[in-house]
Number of protein chains: 2
Amino acid sequence: VGSGAIGGYYGARLAQHGQDVHFLLRRDLQAVREHGWRIRSEAGDFTLPQVNAAASTAEIGPVDLVIISLKTTANPALHDLIPPLLKADTLLLTLQNGLGNEEFLAQHWGVERVLGGVCFTCINRTGPGEIHHIAHGLITLGEHRGGLTPRLEQLATLFQASGIPCNASESLAYTRWKKLVWNIPFNGLSIAAQEATTEDVLGSPALLESAVGLMEETIQAAKLLGHTLPATLVEDELARTRTMGPYRTSSLLDFQAGLDVEVESIWGEPCRQARAAGASVGRMEQIYDLIRYAVARRTAASR
Amino acid sequence: VGSGAIGGYYGARLAQHGQDVHFLLRRDLQAVREHGWRIRSEAGDFTLPQVNAAASTAEIGPVDLVIISLKTTANPALHDLIPPLLKADTLLLTLQNGLGNEEFLAQHWGVERVLGGVCFTCINRTGPGEIHHIAHGLITLGEHRGGLTPRLEQLATLFQASGIPCNASESLAYTRWKKLVWNIPFNGLSIAAQEATTEDVLGSPALLESAVGLMEETIQAAKLLGHTLPATLVEDELARTRTMGPYRTSSLLDFQAGLDVEVESIWGEPCRQARAAGASVGRMEQIYDLIRYAVARRTAASR
């Protein structure tokens with residue numbers, strides 16, 4: 001459900017390896033129906049000329065596993081999209097960004113169905129039915145309720161067998177917060193600091209101090225929520241970011257292209273969870289407010 | 001010392017009422033030497049055709065009282081400007097913005113000389129030798145060392161006798177923090193939120209939340225530093241701001257005109273003092289970083 005870059009790439013990998021995959025498409029429906037998927041990937045290019053491309057989940061019907069890779073701003077659409085796909089034991093796996101997505105699925109379709117995956121990858125849609133998988137690709141899977149279960153291990157094995165690096169985490173929340181330690185500062189400053197690249201952030205003493213401050217707040221919030229992240233995480237993430245060059249975050253690309261920005265899942269929900277746990281996250285809240293304002297202002301200007 | 005809008009207006013009022021005032025000028029030197037001051041004021045227009053206009057403090061020589069109204073970013077120039085004005089009992093009164101100015105004067109010329117004044121006013125320079133005093137005008141004076149002293153009362157009386165609303169505060173620091181409760185959010189967001197007016201801030205739910213958060217951090221920092229501000233201050237300041245219309249803060253005017261922005265006295269020093277007192281001021285630090293970056297970026301772009 002949601003066959004953009006992430007859903008398209010991972011779905012195509014599963015289909016390539018013989019899984020019965022059905023893609024829910026909107027923008028690329030016609031192109032994929034006619035030509036299938038064309039995938040450029042550092043793990044090997046491939047094409048899938050014939051794929052199951054659907055315009056509605058009613059066309060697809062009940063399935064074993066729903067992979068949800070809609071942009072989180074489109075989550076309200078799931079109210080209509082999910083029900084036709086469900087049978088008693090259908091699993092729901094969200095590969096979406098940030099916080100709040102598992103909770104949303106659990107609230108509406110039962111906590112026992114819900115798994116999440118955190119994608120550490122760089123994948124772009126380059127044209128209709130065309131995807132470029134540029135680097136990395138690890139998915140860390142976890143049960144929304146936590147713990148390592150047989151079905152979780154099974155799912156990780158299934159992904160691995162389809163050429164997708166994959167592991168299972170006892171704590172999905174730990175993994176999500178760990179990823180946020182990068183996304184909150186770098187996606188955040190990329191919009192709040194006048195459309196800055198990662199290089200702009202690292203190259204400015206003020207923005208670097210800001211990035212470190214945001215990382216520390218995120219780590220402290222995670223800790224109060226029970227997730228003690230590695231002591232070297234700030235340095236590790238800065239070192240990794242230094243290798244990226246003048247990288248424009250996905251949020252900045254969305255912002256500049258006039259697309260929805262995942263404000264609530266990347267900043268809003270983390271702020272709310274941190275606050276509720278008694279964490280002091282003033283930098284994070286300030287960034288959240290400035291991004292909400294920038295997005296609202298851009299939307300108003302484009303009307 | 002520093003005869004811009006503030007120094008020019010208050011100096012001209014003192015001169016109008018018979019005080020022996022010497023103005024140190026740079027930009028307006030020629031105009032004031034030729035035509036004196038032309039003041040439009042809601043408290044009554046007036047002109048001073050003949051004034052003592054100096055290009056250096058050596059021309060002026062030792063005085064009883066030095067009124068310092070340079071922009072705080074020019075404070076290093078005081079190293080050269082102050083000494084020619086000093087005799088044993090010369091008082092130094094800074095009417096500058098934010099924090100750190102009294103400390104600077106005390107460090108170099110002795111704590112016993114230093115007084116400060118917080119100006120609640122709206123005054124613009126409108127042309128060479130021309131000043132427009134638009135509204136308000138109260139100066140709250142205080143001893144840097146605190147307390148009400150005879151010389152402080154005497155100075156307040158002198159200002160009052162020259163048509164300047166003036167009172168004396170037992171705690172200058174209290175008064176400075178109280179003013180920062182407005183300046184930190186509104187001057188801050190005016191630059192950090194893409195050149196926003198006060199009306200833009202009040203009209204955006206995100207920026208209003210941000211302004212309130214910044215005010216609360218400032219009040220909490222002041223409290224930890226021993227200054228308990230009025231319980232209704234946030235509401236009072238918001239109500240007052242609502243009457244301003246689409247007001248552009250002085251920091252925004254400076255920023256847009258390519259002039260120096262008083263980053264350290266309005267945000268940097270308050271952040272440092274708050275931190276040292278154990279206050280949690282993440283929003284304030286985030287705003288400080290974004291403004292430093294915006295100013296550095298503008299400066300780099302204009303080269």
Side-chain angles (χ1 to χ4, degrees), chain A residues 184-185 188-197 199-221 224 255 261 263-264 267-268 271-272 274-275 278-301, chain B residues 184-185 188-197 199-221 224 255 261 263-264 267-268 271-272 274-275 278-301:
Chain A
I184 286 174
L189 292 170
S190 74
I191 296 180
Q194 308 171 71
E195 312 192 8
T197 66
E199 205 168 74
D200 292 330
V201 173
L202 296 175
S204 152
L207 293 189
L208 181 59
E209 193 172 304
S210 171
V212 170
L214 285 161
M215 290 168 118
E216 287 171 349
E217 278 190 0
T218 310
I219 290 167
Q220 179 61 14
L224 287 174
F255 182 77
V261 176
V263 179
E264 292 307 319
W267 299 279
C271 279
R272 288 186 287 271
R275 266 278 165 150
S280 175
V281 287
R283 282 187 179 272
M284 204 188 286
E285 290 172 333
Q286 187 57 51
I287 286 282
Y288 170 50
D289 290 340
L290 288 173
I291 291 173
R292 276 195 292 163
Y293 176 69
V295 169
R297 191 166 177 263
R298 181 204 60 176
T299 306
Chain B
I184 286 175
L189 292 170
S190 76
I191 296 179
Q194 309 170 70
E195 312 192 7
T197 66
E199 203 169 74
D200 292 330
V201 173
L202 296 175
S204 152
L207 293 189
L208 181 59
E209 192 172 305
S210 172
V212 170
L214 285 161
M215 290 168 118
E216 287 171 349
E217 279 190 1
T218 309
I219 290 167
Q220 179 60 16
L224 288 174
F255 182 79
V261 176
V263 178
E264 292 307 320
W267 299 279
C271 279
R272 289 186 286 273
R275 266 279 165 149
S280 175
V281 287
R283 282 185 178 273
M284 205 188 286
E285 290 171 335
Q286 187 56 50
I287 285 282
Y288 170 49
D289 290 340
L290 288 173
I291 290 173
R292 276 194 294 162
Y293 175 69
V295 169
R297 191 167 179 262
R298 181 204 60 176
T299 306

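Just so it is clear: chains get the letters A, B, ... in the order the sequence lines come, proteins before strands, and each one is counted from 1.
The parts of Ala193(A) that come within reach of chain B are both its backbone and its side chain, each placing non-hydrogen atoms under 4.5 angstrom from that chain. With a 4.5 angstrom heavy-atom cutoff, Leu214(A) touches chain B only via side-chain atoms. Neither the backbone nor the side chain of Ile291(A) comes within contact range of chain B; no heavy atom of the residue lies under 4.5 Å from a heavy atom of that chain.
When side chains are defined from C-beta on, Arg297(B) does not count as touching Asp200(A), because their heavy atoms never get closer than 4.5 Å. Counting heavy atoms from C-beta on, the side chains of Leu290(B) and Leu290(A) come closer than 4.5 Å.
Of the listed residues (Ala192(A), Ser204(A), Gly213(A)), the greatest number of heavy-atom pairs within a distance under 4.5 Å of chain B belongs to Ser204(A). When Gln194(B), Glu217(B), Glu285(B), Arg283(B) are compared by the number of non-hydrogen pairs under 4.5 Å with chain A, Arg283(B) comes out ahead.
Residues satisfying the side-chain hydrogen bond (donor to acceptor under 3.5 Å, both in side chains) test with Ser210(B), not counting sequence neighbours, are Gln286(A).
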